[in-house]
Amino acid sequence: MPSDLLDIVVVEDDPSMRRAIERMLRVGGFRPIMFGSAEASIEADVLLTADCLILDIQLPGMSGLDLFEYSLPDGDSPPTIFITSFDNSAFRDRARRLGASSYHQKPFLGRVLLDAVKQALQAQRENPRVDE
């Protein structure tokens with residue numbers, strides 16, 4: 001059965017938030033792949049093969065927005081949800097330009113993020129990427 005689970009890559013530097021998101025995704029029926037930094041996720045080389053990404057914007061080192069642009073430069077990316085504790089219009093606008101599925105300011109309810117993942121995956125099923 002585990003092979004049927006969808007892989008959700010999460011890049012979040014706060015350990016308690018990372019654990020909370022991981023638990024929420026597991027309960028929701030997903031397989032979370034957790035990273036504490038953008039650089040660790042790049043090294044693992046899993047961003048393009050994930051079914052969905054949840055990226056914290058404010059990370060030590062490379063930001064979640066920069067990670068997205070660096071690792072997925074040609075727009076062929078899984079649905080991506082950005083999260084942040086430091087909301088501002090520049091972050092929201094940049095996330096929108098990058099094609100974010102959604103954007104959430106912390107703190108948020110686990111159900112809100114889980115629903116965002118489900119909606120992003122549903123939207124992708126309805127409008128799949130062309131991989132040719």
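Because the structure is a prediction, the values reported are computed rather than measured.
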Any side-chain heavy-atom pair from Leu25 and Ile54 closer than 4.5 angstrom? yes
Considering only NZ, NE, NH1 and NH2 on the basic side and carboxylate oxygens on the acidic side, decide whether Arg94 and Asp66 come within less than 4.0 Å. yes
Find out whether Phe35 and Leu67 are in side-chain contact, i.e. whether some heavy atom of one side chain is under 4.5 Å from a heavy atom of the other. no
To the nearest 0.5 Å, tell me how far Leu55 CG sits from Tyr103 OH. 12.5 Å
Evaluate the side-chain proximity of Leu98 to Thr80: yes if any heavy-atom separation is below 4.5 Å, no if none is. no
Is Leu65 close to Phe91 at the side-chain level, that is, under 4.5 Å between some pair of heavy atoms? yes
For the side chain of Ser63 and the backbone of Gly61, is there at least one donor-acceptor N/O pair under 3.5 Å apart? no
Quick one: pull up CD1 in Ile81 and OG in Ser101 and give me the separation to the nearest 0.5 Å. 6.0 Å
Could you tell me whether Lys118 and Asp115 make a salt bridge, using a distance below 4.0 angstrom between a side-chain N and a carboxylate O? no
Provide the full list of side chain to side chain donor-acceptor pair (under 3.5 Å) pairs with a residue in residues 6-30, sequence neighbours left out, each pair given once. Asp7-Arg31, Glu12-Lys106, Asp14-Ser16, Glu22-Arg26
Less than 4.5 Å apart, side chain to side chain, heavy atoms only: is that true for Ile21 and Ile83? yes
Evaluate the side-chain proximity of Val9 to Leu53: yes if any heavy-atom separation is below 4.5 Å, no if none is. yes
Which atom pairs, donor and acceptor, lie under 3.5 Å between side-chain atoms of residues 39-47 and protein residues at least two apart or in another chain?
from	atom 1	to	atom 2	distance (Å)
Glu39	OE2	Met62	N	2.9
Ser41	OG	Ala38	O	2.7

